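Have a look at the structure below before the remarks.
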Amino acid sequence: MRALLPSWSEWRPAVRAPGADLMAGLMVALVALPLALGFGISSGLGAAAGLATAVIAGAIAAVFGGSRFQVSGPTGAMTVVLVPIFHQHGASGVLTVGLMAGVVLVVLALARVGRAVRYMPAPVIEGFTAGIAVVIALQQFPAALGIEHTEGEKVWQVAFDAVREFLTHPHLTSLVTALVVAAAVLVGGRYLRRLPMALLAVAAATVAAQVFDLDLLAIGAIPAGLPAPSLEFVSFDQLGTLIGPALAVAALAALESLLSATAADSMAVGTRHDPDRELLGQGLANIAAPMFGGVPATGAIARTAVNVRAGARTRMAALFHAVVLAAIIYLAAPLVAHIPLAALAGVLLATTVRMVETASLAAIARASRGDAVIMVITFGVTVATDLVTAVAVGVAIAIALALRSVAKEARLQQVPLDLPAADTEHLAEEHRLLHDHIVAYRIDGPLFFAAAHRFLLELTEVADVKVVILRMSQITALDTTGALVLADAIGKLEHRHITVLMSGLREDHRRRLAAIGALPAGGDDQIFDNTPDAIAYARDHLTPTTSVGEPVG
């Protein structure tokens, strides 16, 4: 437990020279402000909820997290999951789910499962990242088109309804505002990377709306401060129905945070995050944020990247970003209330464009047909249903294809026997062995459930032999199914009075086969360290008068 807690050594460099971290934190806060507002509104709980998450979760994750560069807060991926929860269970349901997900994350941290993220297939990650980008873009359609009320359970249904309403009653001011802000963010991000273009574009849109009295929907009044912590939103009658959504939110928070921390490691030199401690930090952050009215949070890759590129040295930068946002809440809440929703929609639309790495998508599509299928299916399920289902489907398909590929590597082949002789002598020796009705098979690769039944068919089809020698040294993996199938094959051979010998059997495989009852009938007497000893045994126990079909050995 002590290894998961923060230490003073992590903060000593920041206290000695805080300048770089304070500047990086200020830059991140300026980038995070419009995103926090936008994702808070998209989740259904409002702009104040997004700001509360950025402040509370951002501060706690900075202190207790496992990455010194990670910046946490509301994210688009989490919003995708929260929207259906909000529609079904309301604001209290979202807050309760966040609290429950935080507890799950703490348990996962204590169980040390943080390293499991490395096993997530790349096609699944790229597929759901592209799917998230599309879903976030669809979420912005109502605000970008100036539509207040829409219908539909799925995001794409809501977007379609917003487009239909817009075509009936066009509101060009909102659309133009969203497109101009999005273009400014994209162009500025490419050519003016040192400027917080999202904040500048939103500020310009807000000023223009006030000066020219533009007909744009605004955020509206938000509290000038954070609410007192409370657990009044928890309804024990709801807990049973919220277990599934809470597990989904916890899975997403863990996955996105660990991927973001890994990306931060790749951008910074000489740093490596602690995945279990990162889960603890995110867990504590998600336990605390709902108490202040905040939505569930994760590590945010865009804000984390800005933090690294802005020159952050320690976790002080992420903590200071939360302090700056808190100051904005307490000092500038009336100004935030006038921000047009269309401007925030433009920022998020630009964010979705930058989320999609077309080069990575193209590379995976070229790599193999199977990877392309996984990526496309994950993308489609993300857009059509939800993120957690998409990840589950993508991983399941990836596992099935991996097992199919591994199973193809397993082979059963008749091989020349490794006797110490020249090549011509080898050939002559083989002919003599065949004349004595002795045959050897080598099993290469894994003998497990996906490949085992082929061995049963091949082994039991051997004919006109008295002894079968199974060379076992090249088996890379052996599971219970493989052992049972091998036991069945040996039983069928022995029923035909064919003696089965084994050579090169690993000790761990031997224990498994013994437990299953898959060793030859003669037990240890028919198991040998090497193939020449097995051949010698076969010859010693075969007399010239023995014929095929009679018991031997």
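Remember, it's a predicted structure, so these values are computed and weren't measured experimentally.
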Can you confirm whether [X] is buried at [atom1], in the sense that more than 12 heavy atoms of other residues, nucleotides or ligands lie under 6.0 Å from that atom?
X	atom1	value
Q210	CD	yes
F160	CZ	no
R12	CZ	yes

Query raised in the report: Would Q282 and S72 count as a side chain to side chain donor-acceptor pair (under 3.5 Å) if you check the C-alpha gap in whole Å, the side-chain angles of each, and the deciding distance to 0.1 Å?
Result: CA-CA 8 Å; Q282 296 298 331; S72 300; 2.8 Å; yes
Quick one: closest heavy-atom pair of [X] and [Y], and the distance?
X	Y	answer
L186	A350	CD2-O, 3.6 Å
A205	P340	O-CG, 4.0 Å
L82	P296	CD1-CD, 3.6 Å
A162	I147	O-CG1, 3.8 Å

State whether a side-chain donor-acceptor pair under 3.5 Å links [X] with [Y].
X	Y	value
Q238	T96	no
T75	E256	yes
T150	E165	no

Query - Carboxylate-amine/guanidinium proximity below 4.0 Å for D276 and R112 - result: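 Salt bridge present between D276 and R112.
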Show me the donor-acceptor pairs, under 3.5 Å and distance only, between side chains in residues 44-62 and residues at least two apart or in other chains.
| residue | atom | partner | partner atom | Å |
| --- | --- | --- | --- | --- |
| T53 | OG1 | A49 | O | 2.9 |
| T53 | OG1 | V295 | N | 2.7 |
| T53 | OG1 | V295 | O | 3.1 |

[X] (side chain) donor-acceptor with [Y] (main chain) under 3.5 angstrom:
X	Y	answer
Q140	A345	no
H87	P84	no
R68	R272	no
R313	A17	yes
S257	G299	yes
T304	V71	yes
N307	V28	no
N286	A297	yes

Query - With sequence neighbours excluded, residues passing salt bridge (Lys or Arg N to Asp or Glu O under 4.0 Å) with D161 - result: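 In terms of salt bridge (Lys or Arg N to Asp or Glu O under 4.0 Å), with neighbours along the sequence ignored, D161 is linked to R164.
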Query raised in the report: Who passes salt bridge (Lys or Arg N to Asp or Glu O under 4.0 Å) against R303, sequence neighbours left out?
Result: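 R303 satisfies salt bridge (Lys or Arg N to Asp or Glu O under 4.0 Å) with no residue once adjacent residues are dropped.
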Query raised in the report: So L33 and L30, side-chain contact (heavy atoms from CB on, under 4.5 Å) or not? Walk me through it.
Result: CA-CA 6 Å; L33 176 60; L30 297 179; over 6 Å; no
Is there a side-chain contact between [X] and [Y], using heavy atoms and a 4.5 Å cut-off?
X	Y	value
F141	V158	no
V249	V104	no
L319	W11	yes
F86	S43	no
V83	V80	no
E278	Q70	yes

